[in-house]
Amino acid sequence: MTPPARKKAVASPPGRARALRSDAKQSRKTLLVAARELFAERGPEALTVAAVSKRAGLNRSTTYQHFKNRDELLMAVGAAFARETQEVLREPRAIGEQIDFFVHYFHERPDIARLWVFDLLAQKQVQPNGWLGYVDSLERLARSSKSQDGIDAEMLG
C-alpha cells in the first residue's frame, strides 16, 4: 500500500509581501485594547507581554508576532493615545467650552491622564505629541483675547 501523497507548501513569489490574515489585524486590535485596559488599571508596570496576552485571550507567541517586546507594546499604546487625543484637540471650541471639554475628557479617560503623568515622572517621552499637543492647546487658550493675564498653561494642564 502506498502512503497518501502530501501537499507541498507553496511559497509566496519573491519580492511580494505575504498579506496579513484578517484575524491578525483583529488580534493586534485586541492586544492594544487589553494593553490600554491594563495600563489604565495598574499603570505601565502592568504592561508585560504575558499579562497583555492573558487579558486579550491570546498566546504570547501571537503577541510577539505583533510586538517585539514590552517596550514596543508600550510605545504602541502611547502612540494610540497620542493619535486619539490629537484628533480630539483639533476640534474648534469656544473658550468656556474648551475648559469644560478638557475636564470631562480627561475625567472620562483616566488611561490617557495616567500615561501623561507616567511620562512626566519618568522624564522620557512615551508618546511625544500627546502632552505637548495638550499644553499647546492650553497656551493658545491662554493667549486668546478672552483669557485672563498670567495663566500658566502647563500648570493649568
Side-chain angles (χ1 to χ4, degrees), residues 3-93 97-140 153-157:
R6 293 186 179 206
K7 292 183 180 179
K8 292 184 178 182
V10 180
S12 298
R16 188 169 162 198
R18 192 173 131 204
L20 284 179
R21 295 182 353 201
S22 62
D23 61 338
K25 291 179 183 178
Q26 184 58 46
S27 292
R28 183 177 175 86
K29 281 182 178 179
T30 302
L31 289 165
L32 284 173
V33 167
R36 288 175 70 142
E37 289 172 357
L38 280 170
F39 192 98
E41 292 168 12
R42 294 186 265 154
E45 60 280 354
L47 286 185
T48 65
V49 170
V52 171
S53 299
K54 184 176 181 180
R55 171 69 64 101
L58 300 168
N59 61 43
R60 279 185 279 168
S61 62
T62 300
T63 305
Y64 281 116
Q65 288 174 358
H66 294 280
F67 306 100
K68 291 179 189 175
N69 53 40
R70 177 193 178 279
D71 290 339
E72 193 172 292
L73 181 59
L74 184 59
M75 292 299 287
V77 171
F81 284 147
R83 279 191 307 276
E84 180 182 319
T85 304
Q86 285 173 352
E87 286 299 315
V88 175
L89 293 176
R90 287 188 184 125
E91 297 174 25
R93 293 176 186 84
E97 291 174 10
Q98 188 79 334
I99 292 171
D100 288 343
F101 171 79
F102 284 136
V103 169
H104 293 292
Y105 181 74
F106 290 112
H107 177 72
E108 293 171 5
R109 298 309 315 261
D111 48 354
I112 293 176
R114 187 174 196 145
L115 178 67
W116 282 345
V117 169
F118 166 72
D119 188 35
L120 290 171
L121 294 176
Q123 292 298 310
K124 73 179 202 182
Q125 293 291 331
V126 173
Q127 43 79 15
N129 296 321
W131 177 256
L132 298 176
Y134 174 62
V135 171
D136 183 54
S137 67
L138 289 177
E139 286 174 349
R140 285 193 309 270
E154 193 162 9
M155 193 60 166
L156 178 63

Residue pair Phe39, Leu74: steps toward the side-chain contact (heavy atoms from CB on, under 4.5 Å) verdict: CA-CA 9 Å; Phe39 192 98; Leu74 184 59; 3.8 Å; yes
Closest heavy-atom pair and its distance - [X], [Y]:
{"X": "Thr30", "Y": "Ala56", "result": "CG2-O, 3.6 Å"}
{"X": "Val77", "Y": "Ala35", "result": "CG2-CB, 3.5 Å"}
{"X": "Val49", "Y": "Ser53", "result": "O-OG, 2.7 Å"}
{"X": "Asn69", "Y": "Glu72", "result": "OD1-N, 2.8 Å"}

For the side chain of Arg70 and the backbone of Leu47, is there at least one donor-acceptor N/O pair under 3.5 Å apart?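 At least one qualifying donor-acceptor pair exists.
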Within 6.0 angstrom of Arg93 CZ, more than 12 heavy atoms from elsewhere: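 Atom CZ in Arg93 is crowded, with more than 12 foreign heavy atoms closer than 6.0 Å.
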Nearest-0.5 Å distance that lies between atom CD in Glu41 and atom CZ in Arg36: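 So the CD of Glu41 and the CZ of Arg36 are separated by 13.0 Å.
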If you round to the nearest 0.5 Å, how far is NE2 of His66 from CG of Leu58?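 These two atoms lie 7.5 Å from each other.
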Cut-off 3.5 Å, side chains only: do Thr62 and Ser27 have a donor facing an acceptor?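 Their side chains do not contain a donor-acceptor pair, so the 3.5 Å distance test is not met.
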Apply side-chain contact (heavy atoms from CB on, under 4.5 Å) to the pair Phe67 and Met75, showing each step before the final yes or no. CA-CA 10 Å; Phe67 306 100; Met75 292 299 287; over 6 Å; no
